[in-house]
S.K.: 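Take this structure first; my questions come after.
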Amino acid sequence: MKLLLDTQLLLWAAGQPERLSEAARELLNDSDNELLFSAASLWEIAIKATLGRDDFRVEPRLLRRGLLDNGYVELPVTSQHAVNIDGLPPLHKDPFDRLLLAQALGEGITLLTADAQLARYPEPVRKV
């Protein structure tokens, strides 16, 4: 199964794996699953790190390299992903999360999140 991690799960997987739920750890450790990260997540991290957010204190270049070195696949943002956002119901206002959801829908992959607000969307969102 192809799994796209939202930004929070991505940060936890890379730097604070103890914060992941048991369900998340099982999915991430299952070799049958293909783990993906979005360019949108690195964009979000870069922006929020420059704003001084304590929860985004990570060097995006190092994170990207570490993810790729550990078998994650990068999902680029396309114009199709961007235009798919307009069809989403307004359940969540965060533009980065909405883009991740549009990517998951457009690519037919599951979006993993620990965010209860994002999990209000139906499939392909899975709360872990």
Side-chain angles (χ1 to χ4, degrees):
M1 171 179 3
K2 289 186 176 187
L3 303 172
L4 175 63
L5 280 68
D6 77 354
T7 306
Q8 182 179 48
L9 285 181
L10 198 63
L11 288 169
W12 290 351
Q16 298 176 301
E18 67 280 0
R19 295 193 67 180
L20 295 169
S21 69
E22 183 62 33
R25 280 194 293 273
E26 285 178 18
L27 288 168
L28 299 182
N29 291 326
D30 185 339
S31 61
D32 289 335
N33 292 332
E34 182 179 357
L35 305 177
L36 294 95
F37 70 95
S38 172
S41 288
L42 292 181
W43 180 27
E44 178 180 13
I45 290 165
I47 288 172
K48 291 181 178 177
T50 61
L51 294 174
R53 290 266 307 260
D54 286 338
D55 51 340
F56 287 87
R57 289 189 173 233
V58 63
E59 177 16 74
R61 286 173 189 80
L62 292 176
L63 177 60
R64 179 181 181 273
R65 183 77 264 145
L67 291 167
L68 292 171
D69 288 348
N70 283 286
Y72 284 73
V73 175
E74 183 174 353
L75 180 61
V77 175
T78 69
S79 59
Q80 186 62 56
H81 297 146
V83 299
N84 284 347
I85 290 173
D86 71 354
L88 298 176
L91 301 177
H92 199 313
K93 301 227 184 263
D94 184 290
F96 295 104
D97 286 340
R98 290 174 60 82
L99 182 53
L100 293 174
L101 178 57
Q103 286 184 290
L105 286 165
E107 300 297 325
I109 56 181
T110 300
L111 174 60
L112 294 182
T113 187
D115 181 342
Q117 186 77 4
L118 183 55
R120 290 177 53 205
Y121 286 100
E123 292 293 324
V125 181
R126 182 168 174 185
K127 187 174 185 302
V128 290

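Since the model is a prediction, treat every value here as computed from it, not as a measurement.
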S.K.: Just to verify, what does D115 make a side chain to side chain donor-acceptor pair (under 3.5 Å) with, not counting sequence neighbours?
M.R.: H92
S.K.: About how many Å separate CD of E26 and CG of L20, when rounded to the nearest 0.5 Å?
M.R.: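 The CG atom of L20 sits 12.0 Å away from the CD atom of E26.
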S.K.: Can you list everything that forms a salt bridge (charged side-chain N to carboxylate O under 4.0 Å, His left out) with R53? Sequence neighbours excluded, please.
M.R.: D55
S.K.: Hydrophobic cluster membership, with links at side-chain heavy-atom distances under 4.5 Å among I/L/V/M/F/W/Y: are L5 and L75 in one?
M.R.: no
S.K.: What closest approach, in Å, do R61 and E59 show between heavy atoms, and which atom pair accounts for it?
M.R.: N-OE2, 2.7 Å
S.K.: Rounded to the nearest 0.5 Å, how far does CG of L28 lie from CG of L10?
M.R.: 9.5 Å
S.K.: I'd like to check the salt bridge (charged side-chain N to carboxylate O under 4.0 Å, His left out) partners of E123; sequence neighbours left out, ordered by chain and number.
M.R.: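 Salt bridge (charged side-chain N to carboxylate O under 4.0 Å, His left out) list for E123, sorted by chain: empty.
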S.K.: Do you know the tightest heavy-atom contact between S38 and L100?
M.R.: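 Looking at all heavy atoms of both residues, the shortest contact is CB-CD2, 3.3 Å.
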S.K.: Mind checking ring-ring contact (aromatic ring centres under 6.0 Å, His included) for F96 and listing every partner two or more places apart, or none if nothing turns up?
M.R.: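 Listed in chain order: W43.
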S.K.: Can you name the side chain to side chain contact (heavy atoms under 4.5 Å, CB included) partners of E34, sequence neighbours left out?
M.R.: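 With neighbours one apart ignored, the set is K2, L36, V73.
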S.K.: Take Q16 and L11 through the test side chain to side chain contact (heavy atoms under 4.5 Å, CB included) and record every step on the way to the result.
M.R.: CA-CA 7 Å; Q16 298 176 301; L11 288 169; 6.0 Å; no
S.K.: List in chain and number order the residues that pass side chain to side chain donor-acceptor pair (under 3.5 Å) with E44, two or more places apart in sequence or in another chain; answer none if no residue qualifies.
M.R.: T7, K48
S.K.: Applying salt bridge (Lys or Arg N to Asp or Glu O under 4.0 Å), which residue pairs with at least one partner in residues 66-88 are found, sequence neighbours left out?
M.R.: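 The answer is R64-E74, R65-D69.
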S.K.: Under a single-linkage definition using a 4.5 Å side-chain heavy-atom cutoff for Ile, Leu, Val, Met, Phe, Trp and Tyr, are L42 and L35 assigned to the same hydrophobic cluster?
M.R.: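 Result: yes, single cluster for both.
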S.K.: For L105, check side chain to side chain contact (heavy atoms under 4.5 Å, CB included) against everything at least two apart and list the hits.
M.R.: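 With neighbours one apart ignored, the set is L88, L101, P124.
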S.K.: Does anything in residues 8-18 pair up under salt bridge (Lys or Arg N to Asp or Glu O under 4.0 Å), and if so which pairs, sequence neighbours excluded?
M.R.: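 Residue pairs passing salt bridge (Lys or Arg N to Asp or Glu O under 4.0 Å), neighbours aside: none found.
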S.K.: Can you name the side chain to side chain contact (heavy atoms under 4.5 Å, CB included) partners of R126, sequence neighbours left out?
M.R.: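 Expected list: M1, L27, T110, L112, V128.
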S.K.: Could you report the tightest heavy-atom contact between A114 and D6, atom names first, then the distance?
M.R.: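 That would be N-OD2, 4.0 Å.
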S.K.: For V125 and A119, work out which heavy atoms get closest and say how close.
M.R.: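 For V125 and A119, the tightest heavy-atom pair comes out as CG1-CA, 3.7 Å.
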S.K.: What pairs with P89 under side chain to side chain contact (heavy atoms under 4.5 Å, CB included), at least two apart in sequence or on another chain?
M.R.: L91, Y121
S.K.: Taking side chain to side chain donor-acceptor pair (under 3.5 Å) as the definition, give me every residue that meets it alongside Q80, ordered by chain and number, with sequence neighbours left out.
M.R.: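 Partners of Q80 under the side chain to side chain donor-acceptor pair (under 3.5 Å) test: N84.
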